[in-house]
Amino acid sequence: MAVHGACRALLAAWVLLPALGEAQQPLHPFTVMGDAIPDSLTGQRGDPVRGRAIVASRQRGLCLLCHAGPFPEERFQGNLAPDLSGAGGRWSAGELRLRLVDSQRLNPATIMPSYYRTEELARVGAPWRGRPLLAAEEIEDVVAFLGTLKD
Amino acid sequence: MTRRRRAMLVAMLVLSLGGAEAVGPGERRSGFDDMAPETRAMQLDDMANPGMLWVAEGEAAWRRPAGPAGRSCAGCHGEAEASMRGIATRHPGWDQAAARPISLEDRINLCRRERQGGEPFAPESDDLLALSAYVAHQSRGMPIALPDDPRLTPFREQGRHIFEQRRGQLNLSCAQCHEEHAGRRLAGSVIPQGHPTGYPIYRLEWQSLGSLRRRLRNCTVGVRSEPLDEQEAVALELFLMFRANGMPMESPAIRP
């Protein structure tokens, strides 16, 4: 049905086209010590430049749905969670890793998704089933990037 | 006060409080209240509200003969201003034959098929949206008034369970956004309390009219969850309407 041009304001949607997760494969094993995962999931250091792109991407990282951060190019940032600025000053790499992998271990009620977990989830849609939100390499990239946010 | 009048008053109170959930009635806000002033003005002005185009289309469909007997909706129901007044405030409503609540769209399609003998309208088709907008529009300004009918209770409780259950790859429940974080911003969008007061709505993002079912699909896909089946979807809609009991209908509303 045709509609007058009066309301062509296309607003930012949070519902995005399905971004396919990684190919279904077993998660890398990891060890939680205290409130941290001290060792890299891949045994390698991540790439902070790739990490920044993941965090800023509304299809991939989704972080800015909830968080704000030092991303002047991103107009729409959330206010449901702490600003990511300074995260690398507040937390060690290991602490950041656990917060990404499975924040719900630290705070079961948090809305922060567990980015590297495929178990104990209900009614996951078929395209995403059995896949973590981010691959191990991507987790490491994001950890490396967050580590650069010292203030 | 006579005993009967008191009983009636109590019954009315129970009715109006029946839907009050975690968010108390005083604090309930329609998504309308979170919109920019220009968008609110557009909704309130029938000449500017694009949803009114569907309402006009619906009125024409209401009078159009259809099916082998050539009967129109108006042929049986007369003027919609009288016969359809308040109907949308009580839907999803109990359907005796199906033995479960059905949505307003399904109710219209039931008449289409069984009373007119016509082909049922496809979900989200312009014809069905137009007729449901026209019927729902007859309740504009009236409070949502789902009855305290015990037959509805199990479905409403199923809906509540869906509303509160964390689901999808993002592992989020409807309640986490629409109760715990309502009023905060998810990227650019203010999270509304999620009251279905204005359906079908004209959504600027869709550039079209759409049903509550379509809106709920957006939120389910948003958390990367599998689609709800028919019974789950109608139970969730029923719960949302109970939760909004007493709030005025706005159909056709505009939403970002």
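As the structure is a computational prediction, the values presented were derived from the model and not from experiment. A, B, ... follow the sequence lines: proteins, then strands. Residue 1 opens every chain.
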Has [X] got more than 12 heavy atoms of other residues, nucleotides or ligands less than 6.0 Å from its [atom1]?
X: D151(A); atom1: CG; value: no
X: E81(B); atom1: CD; value: yes
X: E119(B); atom1: CD; value: no
X: R90(A); atom1: CZ; value: yes

Evaluate the criterion side chain to side chain contact (heavy atoms under 4.5 Å, CB included) for residue pair V124(A) and E226(B); output intermediate values, then yes/no. CA-CA 6 Å; V124(A) 178; E226(B) 58 187 11; over 6 Å; no

Is there a side-chain contact between N171(B) and Q104(A) in this structure, where contact means two heavy atoms from C-beta onward sitting under 4.5 Å apart?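 In short, these two side chains touch, coming nearer than 4.5 Å.
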
Measure E38(B) against the heavy atoms of chain A and call it side chain, backbone, both or neither at under 4.5 Å.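 For E38(B), neither part sits under 4.5 Å from chain A.
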
Need one label for L129(B): side chain, backbone, both or neither, based on atoms under 4.5 Å from any heavy atom in chain A.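 Neither part.
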
Which pair of non-hydrogen atoms, one from Q176(B) and one from A109(A), has the smallest distance, and what is that distance?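 That closest heavy-atom pairing would be NE2-O, 3.4 Å.
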
Write down the atom of L186(B), the atom of L80(A), and the distance for their closest heavy-atom approach.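 Closest heavy-atom pair between L186(B) and L80(A): CD1-CD1, 3.5 Å.
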
Max heavy-atom pair count under 4.5 Å with chain A, selected residue of S225(B), S173(B), P227(B), C177(B):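 When all of S225(B), S173(B), P227(B), C177(B) are compared, S225(B) has the most.
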
Tell me, side chain or backbone of L64(A) under 4.5 Å from chain B's heavy atoms, or both, or neither?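 L64(A) touches chain B through backbone heavy atoms alone.
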
Name the region of R117(A), side chain, backbone, both or neither, that has any atom closer than 4.5 Å to a heavy atom of chain B.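 The answer is the side chain of R117(A).
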
[X] side-chain N/O to [Y] backbone N/O, donor-acceptor pair under 3.5 Å:
X: R123(A); Y: G168(B); result: no
X: Q169(B); Y: R131(A); result: yes
X: N79(A); Y: R184(B); result: no

State the [atom1]-[atom2] distance between [X] and [Y], to the nearest 0.5 angstrom.
X: L170(B); Y: L62(A); atom1: CG; atom2: CG; value: 6.0 Å
X: L121(A); Y: R166(B); atom1: CG; atom2: CZ; value: 9.5 Å
X: R185(B); Y: Q77(A); atom1: CZ; atom2: CD; value: 8.5 Å

